[in-house]
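Order of appearance sets the numbers: ligands from 1, and atoms from 1 within every ligand. Each residue takes its place number in the sequence, starting with 1.
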Amino acid sequence: MPNPSAPRNNGKQQDPAVRRRNFEEVALTFTKEEALAEADRCLHCPTHPCQNACPVGVHIPDFIALIKAGDVGGAASEIMKTSLLPAICGRVCPQEKHCEGHCVLKAKFGAVNIGGLERYAADTARAQGALKPPVPAASTGKKVVCIGSGPSSLACAAELRRAGHEVTVLEALHAYGGVLRYGIPAFRLPREVINKEVETVQAMGVQFKTDVLVGATIKVDELLKEYDAVYIGSGAGLPTMLGIPGENGVGVYSANEFLTRINLMQAYKFPQTDTPIQAGKHVIVLGGGNSAMDAARCAMRLGPQSVTIAYRRSREEMPARAAEVEHAQEEGIQFEYLVTPKEILQDEKGHVTAIHFTRNELGAPDEKGRRRPVEIPGSDFVQPADTVITAIGQRPNPTITKTTSGLKTTERGVIALNEKGETSLPGVYAGGDIIRGGATVLLAMNDGIAAAERINEYLKGK
Ligand code: FAD
Ligand code: SF4
C-alpha cells in the first residue's frame, strides 16, 4: 500500500556554510532507501495529472512504479521514451510549475519529489551501466543538420536519429550543451552529467562538430544543399541591456558574460585557467530569473562581503525555480524586492560605486498576468556596489537570421513560425529559445521533439 502521508523528502544538500564557497554540486542524489520511500508515496493516479502537466509527457507514475519494483534501468528507459536527458531534467526542470505543481498530494502532504526520483533513476541506471540509448530505426538515407547543441537541438537530433536519419549537430562554441554548459553552474548541473547525456546522443550515432558558427563559417543556404532538412536551435544568447546611465561602467557585467566566464571558461580557477573574473566586495545582481540566481550564487562563491539580488517585483512574481531562490537565501544572498535601478554610479575613473534605485509598488497585471511594478515618487535611495551583474533577459543572436534570405522573424527578433509550426523556408525548422526568446529546458526540448516529427513528415514527402 502506498504511504502518501509520509513527509516529502527534498533530498540532502551540501551545508550552505560550506557550499557558498565551492562549486561542488549542492543537491545530492537520493540513496536507494530514500528513493524507495519517496516512490512509495506515489498513488499511481490513473488520470496522472503530473504526467499531463509535463511538457514532454514523461510517464511519471510508470517510472516511479519501476523504481518501487527495484528496476532502476527500466525506470530510466521509461523516462527516456519521451525525454532523452533525464539526469539534466531531474536537476534543472521547474518541477513546481509542471509535474509536482499538479501532484494530487501537493496541498495535503507535499508533492512527490518527482525531480529527485527522475534524477535518481538516471544517475543510478547510468552508474550501473543500465542506461541504454534508444536503438535507431533502419537508415532512411536522409541527412538532417541541427544548429546549436542546447537541449532543443539535442532532443531534436536524438528523435531524428531514432527515426533512422543521419544527423549532424553543429555548435559554435568549443563545448556542447548550450546554456546547460555556459549558463547553468556546475554546482547545479555537474559538467560530467552534461557530458554523459551528450554521450548518450552520440552513442545513438549523432555526429557532433564544434567551432562551426552557422551564418559565418557556413550559411543555412549552403547547408540546405548538403542536407535534406535543417533544424535551428541556436538559442537566445544575447543579453538584454538596461538602457540606463552608467551601464558601461567598469565592474558591470551581463549575467551572460559573467556566467560564461565562470562556467565555460572556469574563471573561478584563474590563474590556473586563462580567463579572469572579478567580484569585488559588494555585488548587486539585477533581475529575478534563473540567470540572476545563478549569477548571484556564482558571485557568492568568489568570496565578496555581500551579494544582493535586486528585483523590480515581489517574491511571488519571481520567475526563478523555487529551489534556486531558497538555496540562494540559505547561502546568505540578500534580496531587495520592488526596486528599479535608475543609474549605475561611477567614480572619476569609471569604476562602479553604487546604484541609484527607486522603490515600486505592484499595479495592474501585465499581458502575462504578472502585476506591473509602479514607481513610488520620492522613494529614491542609493546602494553601494563595486560589481553589478545585469540579468534582465536574453534575446536571439541575429547571426543566422541576418544571413538567411527569406527566413522571417518577428519584431522581437525570434524566428517566426506559421500555424503548422513551420518557418518561412521549406525544409528549415526551428525551436527552443530562438523561437521563444527564452524559456525552459523542457520547453526547448519539447520544441525539438515536435520539430523532429514535422521533419519526419517532410522527409517522407521528399
Ligand atoms: P541554448 O541552450 O541557448 O543552446 C543554443 C546553442 O546554439 C548554444 O550552444 C549556442 O552556442 C549555439 N549557437 C548559437 N548560435 C549558433 C550559430 N550561429 N551556429 C552554431 N551554433 C550556434 N531552464 C530550466 O528549465 N531550468 C533552469 O534551471 C534554467 N536555468 C537557466 C539559467 C541560465 C543562466 C539561463 C540563461 C537559462 C536557464 N534556463 C533554465 C533556460 C534554459 O536553459 C533555456 O531555455 C534552454 O537552454 C534553451 O535551449 P536551446 O537549445 O533553445 O538554446
Ligand atoms: Fe504519483 Fe502525484 Fe503523479 Fe499521482 S499526481 S501519480 S501521486 S506523482
Side-chain angles (χ1 to χ4, degrees), residues 2 4 39 41-55 60-62 64-65 88-89 91-95 97-100 102-106 109 111-114 117 146-156 169-185 188-189 209-218 220 232-237 239 255-256 258-260 263-264 289-295 298 320-321 323-324 391 393-394 396-401 403 430-445 447-448:
R41 298 183 62 230
C42 176
L43 296 172
H44 306 285
C45 314
T47 55
H48 44 65
C50 50
Q51 181 171 321
N52 300 342
C54 170
I60 292 169
D62 292 348
I64 294 180
I88 291 175
C89 293
R91 284 172 166 85
V92 305
C93 272
Q95 286 97 2
K97 290 186 187 139
H98 298 309
C99 54
E100 292 178 16
H102 291 76
C103 174
V104 295
L105 301 183
K106 185 181 165 197
F109 304 116
V112 173
N113 189 340
I114 300 168
L117 289 173
C146 297
I147 304 171
S149 65
S152 192
S153 273
L154 289 177
C156 186
V169 170
L170 302 179
E171 168 56 51
L173 297 174
H174 63 268
Y176 308 118
V179 170
L180 303 173
R181 188 175 298 271
Y182 75 75
I184 300 181
R188 278 216 289 137
L189 182 58
K209 289 184 189 162
T210 52
D211 305 303
V212 182
L213 179 65
V214 176
T217 322
I218 186 163
V220 169
I232 307 177
S234 53
N256 193 297
F258 190 77
L259 290 169
T260 302
N263 299 325
L264 186 67
N290 286 317
S291 297
M293 297 308 132
D294 285 341
C298 282
R321 278 182 92 222
E324 309 317 326
Q394 309 270 111
N397 189 314
T399 313
I400 293 177
T401 48
T403 54
D433 283 4
I434 186 69
I435 64 160
R436 296 174 181 272
T440 64
V441 171
L442 258 194
L443 288 173
M445 283 176 65
D447 288 345

Problem - Residue-ligand contact Gly233/ligand 1, heavy atom below 4.0 Å - result: yes
Exercise for the section: Could you tell me whether some N/O pair between Val441 and ligand 1 is separated by less than 3.5 angstrom? Expected result: yes
Exercise for the section: May I ask you to identify the nearest protein heavy atom to atom 1 (Fe) of ligand 2, giving residue, atom name and distance to one decimal place in Å? Expected result: Cys42 SG, 2.4 Å
Fill in the blank from the handout: ligand 1 atoms nearer than 4.0 angstrom to some heavy atom of Gly432 are 52 (O)
Practice task
Output yes when the distance from some N or O of ligand 1 to some N or O of Asp294 is under 3.5 Å, and no in every other case.
Solution key: no
Exercise for the section: For ligand 1, find out whether one of its N or O atoms is nearer than 3.5 Å to an N or O atom of Gly183. Expected result: no
Handout entry: Mode of Glu324 contact toward ligand 1 - side chain, backbone, both, neither (heavy atoms, under 4.0 Å)
Key = neither
Handout entry: Close N or O approach (Leu259, ligand 1; < 3.5 Å)
Key = no
Problem - Option nearest atom 28 (O) of ligand 1 (shortest heavy-atom distance, choices Glu171, Arg91, Arg188) - result: Arg188
Problem - Any side-chain heavy-atom pair of Arg188 and Asp294 under 4.5 Å - result: yes
Practice task
Mind running side chain to side chain contact (heavy atoms under 4.5 Å, CB included) on Thr399 and Leu213 for me, showing each step along the way?
Solution key: CA-CA 8 Å; Thr399 313; Leu213 179 65; 4.3 Å; yes
Problem - Heteroatom N/O/S of Cys103 within less than 2.8 Å of atom 2 (Fe) of ligand 2 - result: yes
Handout entry: Leu264 vs His174 side-chain heavy atoms within contact, under 4.5 Å
Key = yes
Problem - Under 4.0 Å to a heavy atom of Arg321 - the qualifying atoms of ligand 1, by number - result: 28 (O)
Handout entry: For Leu213, the ligand 1 atoms whose distance to one of its heavy atoms is below 4.0 Å
Key = 17 (C), 18 (N), 19 (N)
Fill in the blank from the handout: The answer for which part of Ser234 has a heavy atom under 4.0 Å from ligand 1 is both
Exercise for the section: Kindly indicate whether the side chain of Ile64, heavy atoms from C-beta on, has any atom under 4.5 Å from the side chain of His44. Expected result: yes
Problem - Ile88, Val92, Val179: member with heavy atom nearest to atom 37 (C) of ligand 1 - result: Val179
Practice task
Would you check if Asp447 and Ile435 make a side-chain contact, meaning some heavy-atom pair closer than 4.5 Å?
Solution key: yes
Problem - Side chain proximity check, Cys50 to Val112, heavy atoms < 4.5 angstrom - result: no
Practice task
Provide the number and element of each atom of ligand 2 under 4.0 Å from a heavy atom of Ile114.
Solution key: 8 (S)
Practice task
For the pair Lys106 and Glu100, find out whether any cationic side-chain nitrogen is under 4.0 Å from an anionic carboxylate oxygen.
Solution key: no
Problem - Ligand-side contact atoms (ligand 1) for residue partner Ala439, heavy atom cut-off under 4.0 Å - result: 41 (C), 45 (O)
Exercise for the section: Before signing off on this row, confirm whether Ala172 and ligand 1 have an N or O atom pair separated by under 3.5 Å. Expected result: yes
Fill in the blank from the handout: Here the atoms of ligand 1 under 4.0 Å from any heavy atom belonging to Pro94 are 25 (O)
Exercise for the section: Would you please determine whether Met293 falls within less than 4.0 Å of ligand 1 on a heavy-atom basis? Expected result: no
Completion exercise
Under 4.0 Å from one or more heavy atoms of Leu170, ligand 1 contributes atoms 20 (C), 21 (N)
Exercise for the section: Among Pro151, Cys93, Cys99, Pro94, find the residue that satisfies the side chain to side chain contact (heavy atoms under 4.5 Å, CB included) test when tested with Leu442. Expected result: Cys93
Practice task
With the side chain counted from C-beta on, respond yes when Pro49 and Val104 share a heavy-atom pair under 4.5 Å apart, and no when they do not.
Solution key: yes
Fill in the blank from the handout: Val212 heavy atoms within 4.0 Å reach ligand 1 at atoms 19 (N), 20 (C)
Problem - Verdict with reasoning, Arg436 to Leu443, per side chain to side chain contact (heavy atoms under 4.5 Å, CB included) - result: CA-CA 9 Å; Arg436 296 174 181 272; Leu443 288 173; 4.1 Å; yes
Problem - N or O contact, Thr399 vs ligand 1, cut-off under 3.5 Å - result: no
Exercise for the section: Check each atom of ligand 2 against the heavy atoms of Cys50 and keep those under 4.0 Å away; list them by number with element. Expected result: 3 (Fe), 5 (S), 6 (S), 8 (S)
Handout entry: N/O separation below 3.5 Å, Asp433 to ligand 1
Key = yes
Fill in the blank from the handout: Counting from 1 in the order shown, the ligand 1 atoms closer than 4.0 Å to a non-hydrogen atom of Gly148 are 6 (C), 7 (O), 12 (C), 21 (N)
Practice task
Examine Ile434 against ligand 1 and note whether any of their N/O atoms are separated by less than 3.5 Å.
Solution key: no
